[in-house]
Amino acid sequence: MSDLLFLIPLLPLLAATINFVFGRRMADAQTAWLATASIAGSFALSLAAFGNQLDSDEPLTQHLYDWIPAGLFHVPLNLYVDHLTAIMLLVVTSVSLVVHIYSQGYMAGDPGFYRFFSFLPLFVFSMLMLVLADNFLVIFFGWEAVGLCSYLLIGFYFKRHSANQAAKKAFIVNRVGDFGFATGIMLIFWKFDSVVFSEVFARLELVSVDTLTIIALLLFTGAAGKSAQLPLFVWLPDAMEGPTPVSALIHAATMVTAGIYMLARMYPIVSASSDAMFVIALVGAITAFMAGSIALTQFDIKRVIAYSTVSHLGFMAFAIGVGAWVAAIFHLFTHAFFKGLLFLGSGSVIHGMHEEQDMRKMGGLRKYMPTTYWTFAIAAASNAGIIVFAGFFSKDEILVGGWLDHQYALTIIMFGAAFFSSLYIFRAVFMTFWGEERFDPEHVHPHESPRIMTVPLILLAIPAFAAGVVGLPPEDGWIHDFLEPAFHVEEHAEETASAIAIFQEGEEHAEEGHHVSTAMTITFFALSTVLAIGGLAIAYLAYVAKHPAFDPRAWAERAGPVYDLLYNKYYLDEIYERLIIHPLYWISENILWKIVDIEIIDGTVNGVAATVNYSSNQLRRVQTGFVANYALAIAIGAVIVIGIALALQSDLLG
């Protein structure tokens with residue numbers, strides 16, 4: 001299997017290249033099925049790699065070539081698959097395959113069809129290279145390629161100003177995070193003389209915990225950009241300007257999971273610093289709460305789901321910060337399916353509603369779109385953490401992990417975010433599919449999407465409902481055993497999260513710890529279930545039963561400034577506009593342009609030109625065009641030369 005690893009990223013790259021070069025002259029069906037077949041091939045190979053890791057703790061590796069041999073600086077291009085990579089390969093290729101199939105129906109008739117099916121497999125290739133990397137430069141290559149593809153796909157409708165602005169916003173905001181990531185990589189090479197993961201991890205004892213803290217925080221800065229953590233999550237909701245399948249791919253399987261995966265891959269570095277882990281937990285908790293509260297007030301169905309993604313990424317970051325490493329990847333795993341399904345379901349709604357995205361102009365759609373409704377409802381239940389659905393098990397483990405790490409205040413904040421998850425997603429369900437019809441039936445004729453779109457919804461609904469079984473029994477399920485080798489405590493780590501320490505206590509305390517964990521698990525299961533059902537009930541009373549005590553408009557009026565704060569997304573965009581964008585514009589116009597560009601650069605160039613012009617104007621006076629003048633000049637010159645020669649000769653003789 002090691003010899004075939006290169007095919008996993010190569011197949012999507014080939015499809016992207018062929019479609020981009022020849023797609024304009026190919027039929028739409030040919031470009032679509034070529035891209036889809038390439039992802040199917042990668043999925044099959046990923047399954048084979050995953051099967052190999054089921055029976056072995058030895059990672060698969062394949063050396064392709066020496067990428068950068070420069071003296072002592074040596075960067076090989078190797079592909080690496082361990083248990084963590086195997087899980088990520090399944091997530092990326094399975095969700096991507098479903099998105100490719102769905103996109104054939106959603107993008108049918110679009111004039112940029114071949115372009116779309118060039119960028120989409122290129123996106124998958126970039127993410128696959130990122131997760132297969134065994135060193136920092138290769139992962140950074142995949143990291144930046146993912147950013148490029150997101151720019152191309154978010155701005156796919158480039159004739160639309162809002163799409164161009166959203167693409168630029170995503171690209172620029174991520175450059176802020178990427179600067180931190182790149183700085184961290186440079187610091188790693190400076191301290192360890194290597195960029196290969198295994199070599200760096202083996203030398204961690206050579207540096208202080210303070211240095212590892214700085215490195216971990218720089219890496220987290222990169223993750224905060226890609227995985228949309230405060231204060232860099234502002235790009236993700238605007239990314240809805242791209243086609244809906246792109247949103248599903250970004251939010252479920254590619255770009256936003258890259259930061260969480262990178263932090264998990266950097267486990268030995270991050271776990272060595274309790275300070276860095278606390279910062280990650282704090283940022284994750286605040287992000288989860290803020291994004292969940294914003295989602296309560298949004299009316300664009302895609303934006304509600306986008307803020308849901310930001311909130312759940314906060315859950316994953318919080319899990320990493322409290323040492324619940326397996327829970328973080330477990331939630332990434334389940335989230336990929338139910339969030340991908342939510343976006344594709346919203347795309348089906350938009351398709352059936354003739355591009356309408358405002359939930360205030362929907363209502364009663366379940367009778368027109370039964371397949372879309374039931375699959376969307378399954379994804380919503382998983383997102384909300386309703387018991388027996390996949391999201392319930394993974395999200396609950398994160399809450400338990402936070403309590404075990406003694407982060408009580410942050411865990412309470414996370415319970416609030418969990419409640420919001422149920423309230424905002426069932427608000428979306430009821431506003432869209434229940435209640436009275438709020439659209440004009442003379443101009444809008446809702447209809448179910450074609451099978452090429454509904455079959456992928458059904459395929460994703462299965463893991464959105466059942467994927468949680470891999471985590472049973474809680475904290476001791478199959479996924480915990482499978483991922484344990486990726487997150488074992490390193491001997492050189494001076495500080496580790498208490499949750500990991502508890503998880504790996506000696507056998508003399510194992511039985512007691514099991515009972516404590518079981519009691520805590522049951523308690524947390526009950527609490528999270530009450531919150532999830534409570535959110536569902538409030539949404540039902542507010543948007544279906546129309547109970548006067550839960551009237552949304554009345555509550556919005558009572559909340560006043562608080563509602564305005566949430567509706568305007570905590571005014572983060574306005575704050576950045578005032579504190580960053582406007583000052584940069586002023587500096588650009590008044591200093592960089594008027595002083596540096598016009599006065600210094602242009603002044604220097606224009607000054608040289610003026611000097612040459614003046615000199616040439618003076619010199620051209622010598623050229624009169626009269627032969628007599630030239631003869632006189634020659635005679636005068638001859639007299640001067642002879643005079644100098646005679647003077648020099650007399651000096652030499654004297």
Side-chain angles (χ1 to χ4, degrees), residues 173 177 180-181 213 216-237 251 255-267 269-271 273-295 306-336 339 383 385 391 394-421 487 496-500 524 528 570 572:
V173 171
F181 190 24
T213 298
L217 291 176
L218 287 171
L219 297 179
F220 177 60
T221 303
K226 280 288 185 290
S227 291
Q229 298 298 290
L230 188 73
L232 301 179
F233 70 67
V234 292
W235 69 269
L236 191 55
H251 288 247
M255 186 165 175
V256 299
T257 62
I260 301 299
Y261 166 77
M262 185 269 287
L263 290 176
R265 176 57 69 200
M266 299 304 114
Y267 160 78
I269 295 175
V270 177
S271 65
S273 170
S274 59
D275 291 338
M277 292 186 70
F278 175 74
V279 171
I280 295 171
L282 177 64
V283 172
I286 296 175
T287 300
F289 187 89
M290 286 182 63
S293 63
I294 292 172
Y307 280 108
S308 172
T309 299
V310 176
S311 183
H312 281 267
L313 290 166
F315 273 89
M316 298 174 209
F318 174 77
I320 287 174
V322 299
W325 300 89
V326 173
I329 300 303
F330 184 20
H331 196 56
L332 185 155
F333 177 73
T334 60
H335 177 266
K339 191 52 56 71
N383 184 92
S394 57
K395 188 162 65 177
D396 201 72
E397 282 197 17
I398 294 173
L399 299 174
V400 173
W403 201 263
L404 284 173
D405 197 46
H406 309 300
Q407 300 294 347
Y408 304 124
L410 295 183
T411 305
I412 292 171
I413 292 174
M414 296 303 293
F415 270 112
F419 171 71
F420 290 155
S421 290
F487 301 121
T496 55
S498 58
I500 296 177
F524 275 61
S528 59
Y570 289 88
L572 286 176

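Basis for what follows: all heavy atoms, side chains included, without hydrogens, waters or symmetry-related copies.
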[X] side chain near [Y] side chain, heavy-atom distance below 4.5 Å:
X    : Y    : answer
L404 : V322 : no
F524 : T411 : yes
I260 : H331 : no
Y570 : S293 : yes

Heavy-atom pair of closest approach, residues [X] and [Y]:
X    : Y    : answer
V283 : L230 : CG1-O, 3.4 Å
A306 : P237 : CB-CA, 3.9 Å
S271 : W325 : CB-CZ2, 3.9 Å
V270 : M277 : O-CG, 3.4 Å
S421 : H312 : OG-NE2, 3.6 Å
S528 : D396 : OG-OD1, 2.7 Å

Report task. Take I413 and F318 through the side-chain contact (heavy atoms from CB on, under 4.5 Å) test and state the conclusion after the steps. Result -> CA-CA 11 Å; I413 292 174; F318 174 77; over 6 Å; no
For the atom pair [atom1] ([X]) and [atom2] ([Y]), what is the distance rounded to the nearest 0.5 Å?
X    : Y    : atom1 : atom2 : value
L236 : K226 : CG    : NZ    : 12.0 Å
L219 : R265 : CG    : CZ    : 13.5 Å
L332 : F315 : CG    : CZ    : 14.5 Å
I320 : Y267 : CD1   : OH    : 12.0 Å
T309 : H335 : OG1   : NE2   : 4.5 Å
Q229 : M316 : CD    : CE    : 9.5 Å

Query - side-chain contact (heavy atoms from CB on, under 4.5 Å) evaluation trace for T334 with K395 - result: CA-CA 9 Å; T334 60; K395 188 162 65 177; over 6 Å; no
Report summary line: Only one of F419, F415, Y307, F420 passes ring pair (Phe, Tyr, Trp, His ring centres under 6.0 Å) with F289, and that residue is F420
Requested in this report: Indicate whether any N or O donor in one side chain lies under 3.5 Å from an N or O acceptor in the other, for T213 and D275.
Outcome: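 Distance-only check fails for T213 and D275.
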Query raised in the report: Short question: side chain of S227, backbone of V256 - any donor-acceptor pair under 3.5 Å?
Result: yes
